[in-house]
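The chains referred to below are lettered A, B, ... by the order of the sequence lines, with proteins before strands, and numbering in each begins at 1.
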There are 2 protein chains.
Amino acid sequence: MADAEYVNIWMRPERPAYGPTPGYSRAQITEAAVRIADAEGLEATTMRRIAAEIGAGVMSLYRYVPSRDNLIELMADRVMGEIDVVGMPSGDWRTDLTRYADELRAMRLRHPWIVTVQRSLPSFGPNQIFLIERLMGVLDAFVSIDENLGLVAMLNGYIEGTSREEISSAKELRRSGLSESEWMARSAPYVDRLVKSGEYPIFTKIVKEARQPHLSRDDQFRYGLKRVLDCIAAALPSTGRVSQGPRD
Amino acid sequence: MADAEYVNIWMRPERPAYGPTPGYSRAQITEAAVRIADAEGLEATTMRRIAAEIGAGVMSLYRYVPSRDNLIELMADRVMGEIDVVGMPSGDWRTDLTRYADELRAMRLRHPWIVTVQRSLPSFGPNQIFLIERLMGVLDAFVSIDENLGLVAMLNGYIEGTSREEISSAKELRRSGLSESEWMARSAPYVDRLVKSGEYPIFTKIVKEARQPHLSRDDQFRYGLKRVLDCIAAALPSTGRVSQGPRD
DNA sequence: AGGGACTGGGTACGATGTGCGCAATCAGGA
DNA sequence: TCCTGATTGCGCACATCGTACCCAGTCCCT
């Protein structure tokens with residue numbers, strides 16, 4: 001069949017040559033799907049639910065999107081577009097990367113479901129590509145492309161890793177349908193058993209510390225981010241290191 | 001109901017008081033599920049498929065596991081146990097963390113499906129907890145628990161981030177059912193369109209570079225890992241920095 | 001004016017997770 | 001020793017999912 005020719009959605013044209021004027025659009029469907037996923041999670045984002053949201057028949061969606069998996073790819077790229085990188089190789093890489101990190105983190109917390117979607121380079125959509133372009137453009141003047149890839153992998157890894165734990169906790173909390181205090185009370189026996197056993201001193205430390213958090217989530221994130229940026233600074237040749245902050 | 005009392009599987013006893021001797025076990029079911037997921041992916045790991053694998057009725061599985069989601073948690077903890085951390089605060093933190101990184105990476109490549117499973121702290125199983133204990137024990141003597149959390153977040157983020165892309169690409173390749181060359185040929189029009197547009201110089205660089213990779217995946221990983229470890233070294237007080245490698 | 005590519009959408013199918021019920025099994029109290 | 005009831009393995013049934021197929025109506029092109 002001719003449709004199998006396309007490896008991904010980005011090559012598949014939305015509008016065909018002619019015929020009746022379509023009543024919906026990819027963007028509209030994607031938008032509705034994102035709205036549902038934000039409010040009720042990705043597993044609630046079914047084709048029927050989306051169709052109901054925009055007042056269409058279920059099968060009508062397939063005139064615009066080849067499959068649910070492809071729709072999820074569209075959703076992922078759609079939210080990537082929320083990350084503001086205008087004017088981003090600004091000359092001050094540290095400011096640029098801090099802004100990027102904050103925006104990516106905020107976007108992930110706004111759309112918790114993205115942690116479950118897979119990405120691979122050839123399935124990257126226009127927003128994703130554009131984002132990579134701007135992000136890697138920040139360090140492009142200072143390091144080789146290989147080094148750049150390694151550094152952004154580290155940066156993204158940190159951002160995604162820290163937000164991931166935060167997101168899954170929140171999701172599990174909501175899935176249980178309990179209040180936060182109720183849920184902690186339920187978890188207590190398990191945590192207590194581990195602590196009481198005395199075999200996990202470090203886990204115990206973490207629990208004790210987490211129960212009286214003197215740092216907010218945001219502060220924790222900023223704190224670790226500073227470390228990552230310091231690491232990037234160390235990897236840059238001296239031309240890239242504008243004078244700032246303490247060295248060592 | 002009494003079952004709702006348990007927040008997670010780790011508190012729920014496997015064997016009840018008495019009755020007929022069970023014919024299967026949680027471990028056996030988990031093992032079978034991991035085997036199937038390794039070979040055919042997590043979406044192929046259905047209750048019916050697992051039951052068939054061990055020669056049981058489908059509903060028999062529910063005598064051992066409350067739900068499929070919980071089974072996946074068991075699977076995740078099961079593969080965490082493969083990471084060898086014996087004797088791990090060895091005194092040389094750099095060796096310890098390198099070994100951990102290599103093992104975690106290798107485990108993720110062996111069990112590609114873990115990238116799709118969510119984790120949150122209170123759902124951590126015994127293996128996961130034990131692993132955290134040993135891993136964070138490596139730096140515990142040198143830094144505060146907060147700093148330690150930040151550093152391992154960075155390390156884990158790097159490892160997970162780099163393996164993630166590798167894994168999704170491989171998965172997409174297999175899902176398409178094409179050979180690697182066939183698949184690259186199919187992707188070519190999309191990539192070419194982006195390159196030809198001239199709007200994405202950095203993306204173009206990446207593509208050109210990736211087509212003639214002078215570094216293996218392993219080498220790329222090791223290279224970036226060294227950067228991360230250097231960053232950790234910089235965060236340690238002087239007592240923790242054993243003499244090695246170039247400073248600055 | 002007519003033909004063909006397209007539209008929205010109803011019906012139907014196979015696959016999934018899992019609640020319910022039932023006969024068979026085995027430990028503990030009499 | 002035998003009864004009682006907790007627990008076993010498991011078939012049946014159901015709701016819900018993605019989506020293949022079909023058809024009538026629509027609109028551009030020749």
Salt bridge check, [Y] against [X]: does any charged N sit closer than 4.0 Å to a carboxylate O?
X: E103(A); Y: R110(A); answer: no
X: E166(B); Y: R108(B); answer: no
X: E31(B); Y: R35(B); answer: no

Looking only at the side chain of [X] (C-beta and beyond, no hydrogens), which of the listed nucleotides [options] gets closest?
X: P20(B); options: dA24(C), dC27(D), dT18(C); result: dA24(C)
X: T46(B); options: dT18(C), dG17(C), dT7(C); result: dG17(C)
X: V58(B); options: dT18(C), dG18(D), dT8(D); result: dT18(C)

May I have the distance from [X] (atom [atom1]) to [N] (atom [atom2]), rounded to whole angstrom?
X: R49(A); N: dT16(D); atom1: CZ; atom2: P; result: 14 Å
X: M47(A); N: dA15(D); atom1: CE; atom2: P; result: 23 Å
X: I50(B); N: dC10(D); atom1: CD1; atom2: P; result: 15 Å
X: Y64(B); N: dG17(C); atom1: OH; atom2: P; result: 19 Å
X: Y62(B); N: dC10(D); atom1: OH; atom2: C1'; result: 13 Å
X: D69(B); N: dT16(C); atom1: CG; atom2: P; result: 16 Å
X: M59(B); N: dC14(D); atom1: CE; atom2: C1'; result: 12 Å
X: Q28(B); N: dG9(D); atom1: CD; atom2: P; result: 10 Å

Return the CZ to CD1 distance between R99(B) and I83(B), rounded to the nearest 0.5 Å.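 The CD1 atom of I83(B) is 11.0 Å from CZ of R99(B), to the nearest 0.5 Å.
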
Nearest-nucleotide comparison on DNA chain D, the residue closer to the 5′ end among R63(A) and T45(A):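 In this pair, the answer is T45(A).
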
Students often get this wrong, so: under 4.0 angstrom with heavy atoms, is A51(B) touching a base, only sugar-phosphate, or nothing?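 The answer is nothing, as A51(B) stays clear of every strand by at least 4.0 Å.
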
Heavy atoms under 4.0 Å, any strand shown: does S60(A) hit a base, just sugar-phosphate, or nothing?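 Base contact.
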
Flag, side chain of N148(A) to backbone of M136(A), donor-acceptor distance under 3.5 Å: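 Present.
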
Quick check: on DNA chain C, is the nucleotide nearest G57(A) upstream (toward 5') of the one nearest R48(A), or the reverse? Name the residue that is more 5'.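 The answer here is G57(A).
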
